[in-house]
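Accompanying notes for the structure given below.
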Amino acid sequence: MIKTKKQGILIVISAPSGAGKGSVIQEMCKRDPNLWVSISATSRPMRSNDEEGKTYYFLNKSEFEQKIEENYFLEYAEYAGNYYGTPKKYIQEHLDQGEDVILEIEIVGAMNVKKRIPEALCIFIMPPSLQELKQRLENRGTDTKEKILERFKIAYKEINEVAKYNYVVINDKIETAADKVLSIIKAEKCRVDRIEEVALSNEEEYMHEMLIDDKTFSNEPLNINNTSN
């Protein structure tokens with residue numbers, strides 16, 4: 001039988017601001033209880049819909065920089081004037097328990113993780129169009145026009161980085177995008193390099209020995225030109 005590795009997969013999911021990666025991840029977690037989402041830390045101000053310890057761990061800039069000095073983060077990056085980082089705490093613990101860990105992080109951070117952990121599965125969530133992305137950013141109602149323009153310019157640059165990822169999924173509909181990402185994860189678990197070993201059970205070993213010792217099996221080569229019945 002095939003014995004797969006007990007350790008979970010580290011999954012890095014990135015997307016331009018407004019592409020809806022958070023909504024896709026929420027939908028995935030509803031369907032797969034084996035997923036665990038790592039909560040990032042950030043120095044950006046809290047929004048009205050944010051909750052400490054659920055959307056982010058919120059630190060001020062000096063606190064974040066202190067954590068950097070303490071080597072607290074697996075990766076960190078600066079995006080649109082704010083720090084974002086992934087605390088190391090708990091990630092290895094959940095992987096060792098066989099859970100698949102999701103890192104919802106920006107592109108710079110994702111590439112830092114990929115350098116340190118090449119086997120990480122990197123997935124990029126793409127908006128259906130730039131027009132749709134602009135509309136989503138405006139519909140948030142949380143940013144000024146200047147901030148929206150800045151995010152849109154960054155998003156345009158980020159989309160050009162998609163080739164650095166293993167997979168890309170277009171989020172035109174949340175449920176469909178979640179289906180695709182979950183299918184990718186299932187497929188990754190079937191990869192040969194994620195198999196720990198191929199082991200024979202006692203019954204399989206017995207059958208193998210029977211086949212080897214069975215004298216009725218001819219050692220003569222097959223003759224495909226033999227037309228006799």
Side-chain angles (χ1 to χ4, degrees), residues 1-40 49-51 53-56 74-75 84 86-130 132-133 136 140 155 158-159 161-198:
M1 63 178 181
I2 293 176
K3 183 179 179 182
T4 56
K5 293 179 181 178
K6 293 181 179 179
Q7 191 173 50
I9 296 176
L10 183 63
I11 305 155
V12 177
I13 299 182
S14 303
S17 181
K21 67 180 181 297
S23 298
V24 171
I25 291 170
Q26 286 180 6
E27 183 65 24
M28 290 166 57
C29 291
K30 288 179 186 177
R31 304 184 193 185
D32 188 349
N34 195 54
L35 292 174
W36 181 77
V37 182
S38 174
I39 300 169
S40 297
N49 60 338
D50 282 331
E51 188 173 348
K54 288 193 174 181
T55 47
Y56 285 103
L74 173 63
E75 60 75 30
Y84 294 83
T86 303
K88 295 178 185 177
K89 196 175 182 181
Y90 305 127
I91 290 178
Q92 191 62 53
E93 177 183 330
H94 284 271
L95 288 173
D96 290 342
Q97 290 174 355
E99 293 177 277
D100 298 323
V101 174
I102 294 178
L103 304 185
E104 182 185 351
I105 56 181
E106 309 301 332
I107 290 176
V108 174
M111 293 303 102
N112 288 337
V113 171
K114 192 174 182 180
K115 287 178 183 177
R116 296 185 64 177
I117 310 173
E119 65 271 22
L121 172 61
C122 298
I123 302 172
F124 192 87
I125 305 295
M126 186 88 79
S129 68
L130 289 175
E132 175 65 20
L133 180 64
R136 291 178 185 180
R140 278 181 175 179
E158 288 177 333
I159 289 172
E161 301 294 319
V162 67
K164 296 178 179 178
Y165 286 72
N166 302 116
Y167 296 91
V168 59
V169 172
I170 296 175
N171 181 23
D172 49 357
K173 187 178 180 182
I174 292 170
E175 293 79 8
T176 303
D179 281 340
K180 289 180 180 179
V181 178
L182 289 172
S183 295
I184 290 168
I185 295 170
K186 288 179 182 178
E188 281 290 309
K189 290 185 176 182
C190 295
R191 280 176 43 178
V192 174
D193 57 1
R194 293 192 187 277
I195 295 172
E196 184 174 324
E197 61 180 302
V198 178

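Starting from 1, each residue takes its place in the sequence as its number.
No donor-acceptor contact under 3.5 angstrom links the side chains of Tyr90 and Ser38, judged on distance only. A donor-acceptor pair shorter than 3.5 Å can be found between the side chains of Glu188 and Tyr167.
Of the candidates Ile11, Ile39, Thr86, Thr86 is the only one forming a side chain to side chain contact (heavy atoms under 4.5 Å, CB included) with Leu103. Checked against Val24 for a side chain to side chain contact (heavy atoms under 4.5 Å, CB included), the options Ile123, Asn171, Ile13, Val169 give a single hit: Asn171.
In the displayed structure, Lys173 atom NZ is contacted under 6.0 Å by at most 12 heavy atoms of other residues, nucleotides or ligands.
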Checking side chain to side chain contact (heavy atoms under 4.5 Å, CB included) for the pair Lys21/Glu104: CA distance, chi angles, key distance, verdict?
CA-CA 8 Å; Lys21 67 180 181 297; Glu104 182 185 351; 3.4 Å; yes
Apply side chain to side chain contact (heavy atoms under 4.5 Å, CB included) to Tyr84 and Ser40, showing your working.
CA-CA 7 Å; Tyr84 294 83; Ser40 297; 5.7 Å; no
Side chain to side chain contact (heavy atoms under 4.5 Å, CB included) between Ile185 and Met28: does it pass, once the steps are laid out?
CA-CA 11 Å; Ile185 295 170; Met28 290 166 57; 3.9 Å; yes
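Distance check, rounded to the nearest 0.5 Å: CD1 of Ile125 to CD1 of Ile25 gives 7.5 Å. Taken from CD in Glu51 to OH in Tyr56, the straight-line distance is 14.5 Å, to the nearest 0.5 Å. Here CD of Glu99 is found 10.0 Å from CG of Asp32. Values are rounded to the nearest 0.5 Å. A distance of 10.0 Å separates CD in Gln97 from CG in Asn34, rounded to the nearest 0.5 Å. Considering NZ of Lys114 and CG of Leu121, their distance stands at 10.0 Å, rounded to 0.5 Å.
Of all the heavy atoms in Val113 and Leu74, the pair that sits closest is CG2-CD2, 4.2 Å. When all heavy atoms of Ile91 and Val101 are compared, the pair lying nearest together is O-CG2, 4.0 Å. Contact detail for Val12 and Ala110: the closest heavy-atom pair is CG1-CB, 3.5 Å. Smallest separation of non-hydrogen atoms from Ile105 and Ser14: O-OG, 2.7 Å. In this structure, Ile107 and Phe124 approach most closely via the heavy-atom pair CD1-CE1, 3.6 Å. Residues Gln7 and Gln92 approach most closely at NE2-NE2, 2.9 Å, considering heavy atoms.
The side-chain heavy atoms of Glu106 and Glu158, taken from C-beta on, include a pair separated by under 4.5 Å. Counting heavy atoms from C-beta on, the side chains of Glu27 and Glu175 come closer than 4.5 Å.
A donor-acceptor pair under 3.5 Å links the side-chain atoms of Asp100 to the main chain of Ile9, judged by distance alone.
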